[in-house]
2 protein chains.
Amino acid sequence: MVTIKDVAREAKVSVATVSRVLNDSGPVSDDTRRLISEVAHRMRYVPHSGARSLITSKTQTLGVLLPDLYGEFFSEVIRGMDNTAQRNGFHLLISRSYADKSGIETAMRAMRGRVDGVVAMSPDIDAESLLNLPSTIPVVLLCSVSRGHEVDSLTIQNCRGAREMVRHLVSLGHTRIAIIKGSAGNYDAAERLRGYRMALREAGIVPDPPLEQSGNFTEAGGYAATIDLLALRERPTAIFAANDSMAIGALSALRESGVQVPEEMAVAGFDDIPLARFMDPPLSSVHVPICELGARAVELLLHGVTHKNDHARRRERVSTELVIRRSTGAEPAERSPPRTFKRETVSV
Amino acid sequence: MVTIKDVAREAKVSVATVSRVLNDSGPVSDDTRRLISEVAHRMRYVPHSGARSLITSKTQTLGVLLPDLYGEFFSEVIRGMDNTAQRNGFHLLISRSYADKSGIETAMRAMRGRVDGVVAMSPDIDAESLLNLPSTIPVVLLCSVSRGHEVDSLTIQNCRGAREMVRHLVSLGHTRIAIIKGSAGNYDAAERLRGYRMALREAGIVPDPPLEQSGNFTEAGGYAATIDLLALRERPTAIFAANDSMAIGALSALRESGVQVPEEMAVAGFDDIPLARFMDPPLSSVHVPICELGARAVELLLHGVTHKNDHARRRERVSTELVIRRSTGAEPAERSPPRTFKRETVSV
DNA sequence: GCCCTCTATGTAAACGATTACATATTTACG
DNA sequence: CGTAAATATGTAATCGTTTACATAGAGGGC
C-alpha cells in the first residue's frame with residue numbers, strides 16, 4: 001500500500017511538501033505542486049484516513065447506535081441521517097446493539113477513537129439511564145428521554161399525535177375506542193398511550209380497561225389484540241393502534257372475521273409508513289417525518305461536534321401530522337392511491 | 001481524554017505493561033495485572049480504536065457502499081450484514097453514494113484506512129465497470145456483475161425466480177401475460193425480464209411487445225404501467241411485476257378500475273417484502289432472502305479479509321422461492337394472514 | 001557457584017499522516 | 001548592495017497504540 005512517504009521519495013521532496021499539496025495548506029511552488037499531483041495520481045496514492053484522524057483528532061464520522069428494529073423506520077431514519085451527514089462531509093458508523101447496559105456500553109467503547117459523536121436510540125425506558133458513560137464526545141439521544149444526563153435529545157410528538165387522532169375518532173361519534181398499545185417499557189408507546197387517555201378524558205369518556213389491549217408493535221401483536229377485542233361482549237367501534245404495523249395486523253384480523261372497515265369498525269395507526277395508503281381501505285395514521293427525524297438528530301449532533309459540545313442542552317420534538325384516509329370512515333382527504341407520489345420508492 | 005500513558009503513569013508501570021494487561025498478551029504478574037485493571041477502570045480508560053488500528057492495520061470495520069435505495073430492502077440487507085459482522089467482531093461503515101463513477105470513487109477513497117473490506121452494491125449496469133480501483137482491499141460486489149474484475153460477487157437468482165413465477169401463471173392457463181419491467185440499466189431488472197421471456201418461449205407463447213411495459217421499481221410506476229395495460233385493446237389476463245412495489249401499485253390501479261383480482265387479472269410480484277402477505281388479495285411473489293443476502297455478502301468479504309484476499313474469485317447467487325398467495329388465483333398455499341409469523345417485525 | 005531458562009518489565013521503534021519550527025532561497029526596496 | 005520580508009522546502013515531534021528487543025532478577029540443575 002503506497003503511503004505519503006512513497007510519494008515523497010518518488011517526487012524527491014519531503015513528506016511535508018506532499019502533505020501541503022494534498023491538503024492545499026501552506027505555500028508550494030506551482031512546479032512542485034504539479035509534480036507531486038502527477039506522481040500521487042500515477043502511484044494511485046490514497047490518503048490513509050485513519051492516520052490522518054489520529055493526528056487531527058477528527059474522524060469525520062458519526063456513530064449511530066440503534067436498537068434491533070425492523071422495516072421502514074430503520075431505513076428511513078438512516079437515510080435522513082446519512083443525507084445530512086454526507087452533506088457535511090461526515091460518514092456513518094452504524095451499530096445495532098441490545099438495549100441493555102452492557103450492550104450499549106460495549107458499543108460505546110468500540111466507538112471511542114472512530115467517531116466524533118454518537119446518535120443513540122434506546123426507546124426502552126429502562127435502558128435509558130445507562131448512558132452515564134464518561135462520554136466526553138457529544139451524544140444525541142433519539143426517541144428516549146434522559147433525566148439528569150447532559151445530552152441533547154430528540155423525540156417524536158407522540159402524545160400530541162395520539163391525542164389528535166383519538167380526538168378525530170371522537171369527532172366521528174365514537175365513544176368506545178380501543179387502543180392497541182406498544183411494547184411495554186417503550187418510551188414512544190408510553191407517550192402514545194398517554195395521548196390516548198388524555199383525549200378520552202377531554203371528551204368525558206370513562207376509560208374501560210379491557211379496551212386497552214397490550215401489543216408489541218408487530219403485525220402479529222395487532223392481529224392477536226384485535227381478535228381479543230372482537231371477543232368482548234361490548235365491542236369497541238374504533239381501534240387506535242400505537243403503530244401502523246399493528247394497525248395492519250388489525251385490518252387483517254377484521255377482514256378475516258368479516259367485520260367491515262370503517263362501517264363496523266374504524267381503524268387508525270401511527271407512523272404513516274409508506275404502505276399505509278396502499279392498504280384496503282387506506283389507513284388513517286399519524287404521520288411521523290422519520291427521515292427528518294434522522295436528519296435533525298444529525299444536525300443537533302454536528303452542532304455539538306463543531307462547537308465542542310459547549311452549548312446548553314436541548315430537547316426537541318419533531319411534530320406529527322394527522323393523515324385521514326378511509327379506514328376511519330371520514331371522507332378521504334386525499335385520493336387513494338394518489339396519482340402523484342410524494343417520493344420515489346425504489347427497492348432492489 | 002485519558003490515554004494509555006496516563007494509566008501507565010498512574011499505575012507506575014510502562015505503557016507496554018498496560019498494553020499487555022489490556023490485550024492479555026505476554027506475561028504479567030498477577031499483582032501488576034490487578035493493579036492496572038483497577039487503575040484503568042477507575043480512570044475510565046477506553047482504548048483509542050483509531051490508534052490501535054493504525055499500528056495493527058486492522059480496523060475491524062467493513063465498508064458498505066449502497067445506491068440510494070429505499071424501504072424494506074435497504075434495512076433488511078443491512079440487518080443481515082450487521083448480524084454476521086457483529087458476530088465476527090466487525091462494525092459497519094455505511095455510505096450511500098450515487099452510482100456514477102466519481103461517486104463510487106470518492107466513497108472508496110474515503111474508506112481507505114477506515115475499513116478492512118468493502119461490500120459494494122451498484123445494480124446499475126453502466127456503473128459496474130467503474131470498480132477498477134486500485135483496491136488492494138477485498139471487495140464483494142452485490143447484485144451486480146463484474147466482468148473481468150478480480151472481485152467476488154453475489155447476486156440473486158433473478159432469472160430463475162422470474163421464470164418460475166411466469167411458468168406458474170402459464171400453468172394456471174394464462175397466455176396473455178404482461179410484465180412491468182424494472183428500471184432501465186438495472187442488472188436485476190434485466191435478469192428478471194430474461195426469465196420472463198424464457199418462460200414464455202418455453203411455453204410456446206409468442207411475445208407481444210405492448211405487454212412489456214417499462215417501470216422503475218416504484219409503486220407509481222406500477223400504477224401507471226397498469227393503467228396503460230388496461231387501455232390495450234387486447235388486455236392481458238395476468239401481470240408479472242418485476243418487484244413488489246410495482247405489484248402493489250398495480251393492485252391499486254386495478255382496484256380503482258374495478259378489475260377483480262385474481263378473477264379478471266392475476267398479479268404477481270418479486271421480492272416478497274413483508275407486506276406482500278398483507279395486501280388484499282395477498283400478493284403472490286418470488287421470495288428473496290434479503291437478510292441472508294447481506295449476511296452472505298459479509299461472509300464472503302470476511303473470508304477475503306482474513307485470508308488476505310488470496311483465494312480464487314467466487315460468484316454466488318442466493319436462491320429464490322415461489323410464494324403463491326391469492327393474487328394469482330391459486331389456492332392459497334399459506335393462510336393469510338398467518339396466525340404465526342416467521343419473524344417479529346418491530347418498527348418504532 | 002555457574003550458566004541457562006523463565007518470567008516480568010521497560011525502551012523505543014514503528015504505523016501514516018499533520019504541522020510547528022527551522023532553514024534556505026528568492027524578491028523587494030531603500 | 002544590504003537587509004528585511006516573503007516564499008519554498010525540510011526536519012522532526014506528535015497523535016495513541018502495539019510489539020520486537022533488551023534487561024533484570026529468580027529459580028533450577030549440574
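Chain A is the first sequence line, chain B the second, and so forth, proteins listed ahead of strands; every chain is numbered from 1.
Atom NE2 in B:His48 sits about 12 Å away from atom P in D:dT18, given to the nearest Å. Atom CG of B:Asp24 and atom P of D:dT19 are 13 Å apart (whole Å). Computed from coordinates, the B:Tyr45 OH to D:dG16 P distance equals 10 Å when rounded to whole Å. The distance between atom CE of B:Met1 and atom C1' of D:dC15, rounded to the nearest whole Å, is 13 Å. Nucleotide D:dT14 holds its C1' atom 15 Å from the CD1 atom of A:Ile4, rounded to whole Å. The nearest whole Å value for the distance from the CZ atom in A:Arg114 to the P atom in D:dT17 is 13 Å. Rounded to an integer number of Å, the gap from CG of B:Asp6 to P of D:dG16 is 8 Å. Atom CZ in A:Arg112 sits about 8 Å away from atom P in D:dG16, given to the nearest Å.
Electrostatic pairing of B:Arg9 and B:Asp6 counts as a salt bridge here, judged by a charged N lying under 4.0 Å from a carboxylate O. Under 4.0 Å is where a charged nitrogen must lie from a carboxylate oxygen, and between A:Arg42 and A:Glu38 at least one such pair does.
Phosphate proximity of D:dG16 to B:Arg52: absent, as no side-chain N or O sits under 4.0 Å from OP1 or OP2.
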Would A:Leu142 and A:Leu293 count as a side-chain contact (heavy atoms from CB on, under 4.5 Å) here? Give the steps. CA-CA 9 Å; A:Leu142 199 57; A:Leu293 187 72; 4.1 Å; yes
Decide yes or no on side-chain contact (heavy atoms from CB on, under 4.5 Å) for B:Leu300 and B:Arg314, but give the supporting numbers first. CA-CA 9 Å; B:Leu300 286 175; B:Arg314 287 159 304 193; 3.5 Å; yes
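Note that CE of B:Met111 is 10.0 Å distant from CG of B:Leu62, once rounded to the nearest 0.5 Å. Once rounded to the nearest 0.5 Å, the distance linking CZ of A:Phe74 with CZ of A:Arg96 reads 6.5 Å.
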Dump the pairs, protein N or O against N or O of nucleotides 24-27 of chain C, anything under 3.5 Å, distances to one decimal.
none

So which protein N/O to nucleotides 9-11 of chain C N/O distances come out below 3.5 Å?
unit_1	atom_1	unit_2	atom_2	d
C:dT9	OP1	B:Ser29	OG	3.4
C:dT9	OP1	B:Thr32	OG1	2.7
C:dT9	OP2	B:Ser29	N	3.0
C:dT9	OP2	B:Ser29	OG	3.4
C:dT9	OP2	B:Thr32	OG1	3.0
C:dG10	OP2	B:Ser14	N	2.8
C:dG10	OP2	B:Ser14	OG	3.1
C:dG10	OP2	B:Thr17	OG1	2.8
C:dG10	N7	B:Arg20	NH2	2.8
C:dG10	O6	B:Arg20	NH1	3.4

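At a threshold of 4.0 angstrom between heavy atoms, the contacts of A:Ser19 include nucleobase atoms, whether or not backbone atoms are also involved.
In terms of modelled atom types and a separation under 3.5 Å, the side chain of B:Asp116 and the main chain of B:Gln60 share a donor-acceptor contact.
Checked against C:dA14, D:dT14, C:dG16, the side chain of A:Ile55 finds its nearest nucleotide in D:dT14.
Among all heavy-atom pairs drawn from B:Arg20 and B:Gly26, the shortest one is CD-CA, 4.0 Å.
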